[in-house]
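Only heavy atoms go into these numbers, but all of them, side chains included; no hydrogens, no water, no symmetry mates. Remember, it's 1-based here, ligands and their atoms both numbered in the order they're listed. In this text, all values refer to a predicted model and were calculated from it rather than measured experimentally.
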Amino acid sequence: MKLTILVGTMSSTANSVAQAVQLACSDLVGDIEVTLMDDLDIGIFEAGKVANTLYLICSSTYGSGDVPDNARTLFESLSAQPQYLGHVRYGVMALGDSCYPQTFCFGGKQFDTALQDLGGQRLGEIWCHDASSGIPPETDGAAWGHLWLSSALQTVSVSSAAA
Ligand SMILES: Cc1cc2nc3c(=O)[nH]c(=O)nc-3n(C[C@H](O)[C@H](O)[C@H](O)COP(=O)(O)O)c2cc1C
């Protein structure tokens, strides 16, 4: 099993969180890749068809609830080049700030909606980090990521045993 963490970020916080998750989860999965979303498109999810891959979307929020600039090409390709993504199992780490209450963590949440619209299967709840909370995103994110991956691996092994 492989974990691919796709990072949407403007000022690198989401990237630090993804790297913390990578380190924290090394006891669970040998192959964990952290990839900035820059220049990716929906084709990244094709990999899940040939490899046993879990995906983790780790994205902050900008503008008025938008995905970060480096995530735009990937996000827009989900609607511009739609494909059935029923094989894609993913989790979401959404970073935002509660000082934007109308659009809190919408970057990650918008990815979730778009992936679900294409048949993707989200495993677990969305992790939301509030930049105004004072909670370090790397520490909290690494702890959440370890729990999420443990549970996701169990779900995947139960469903492949039943298949
Ligand atoms: C100009 C600007 C706009 C933002 N807009 C939102 C927003 O609409 N909703 C939200 O939840 N957070 C918003 N944020 C907060 C960021 O998503 C948050 O600080 C996040 O931790 C940044 O992560 P990054 O360094 O990975 O980009 C905004 C931040 C800035 C600077």
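- On a distance-only criterion, G8 and ligand 1 share no N/O pair closer than 3.5 Å.
- Protein heavy atom closest to atom 26 (O) of ligand 1, with residue, atom name and distance, is T9 OG1, 2.6 Å.
- Scored by the salt bridge (charged side-chain N to carboxylate O under 4.0 Å, His left out) test, R122 finds D112 as partners (sequence neighbours excluded).
- Distances below 4.0 Å separate heavy atoms of S60 from the following atoms of ligand 1: 17 (O), 20 (C), 22 (C), 23 (O), 24 (P), 26 (O), 27 (O).
- Under the salt bridge (charged side-chain N to carboxylate O under 4.0 Å, His left out) criterion, E33 pairs with K2, not counting sequence neighbours.
- V17 has its side chain out of reach of W144: every pair of non-hydrogen atoms, C-beta onward, lies at least 4.5 Å apart.
- Residue-level proximity to ligand 1 for C105 is carried by the backbone, the only part with a heavy atom below 4.0 angstrom.
- When each atom of ligand 1 is checked for a heavy atom of S11 under 4.0 Å away, the hits are 24 (P), 25 (O), 27 (O).
- A side-chain donor from one of S132 and D97 sits under 3.5 Å from a side-chain acceptor of the other.
- Shown in contact with G63 at under 4.0 Å from a heavy atom are these atoms of ligand 1, numbered in order with element: 3 (C), 5 (N), 8 (O).
- With a 4.0 Å cut-off on non-hydrogen atoms, P137 does not touch ligand 1 at all.
- Nearest protein neighbour of atom 19 (O) of ligand 1, counting heavy atoms only, is A131 CB, 3.8 Å.
- The shortest contact between atom 9 (N) of ligand 1 and any protein heavy atom is with T103 O, 3.0 Å.
- With a 4.5 Å cut-off on side-chain heavy atoms, L95 and C58 count as touching.
- In plain terms, the two heavy atoms of I57 and M37 that are nearest each other are CG2-CE, 3.9 Å.
- Evaluated by nearest non-hydrogen atom to atom 16 (C) of ligand 1, the leading choice among T61, D130, D97 is T61.
- Heavy-atom proximity to F104, at under 4.0 Å, picks out these atoms of ligand 1: 11 (O).
- Protein heavy atom nearest atom 31 (C) of ligand 1, with residue, atom name and distance: Y62 CE2, 3.4 Å.
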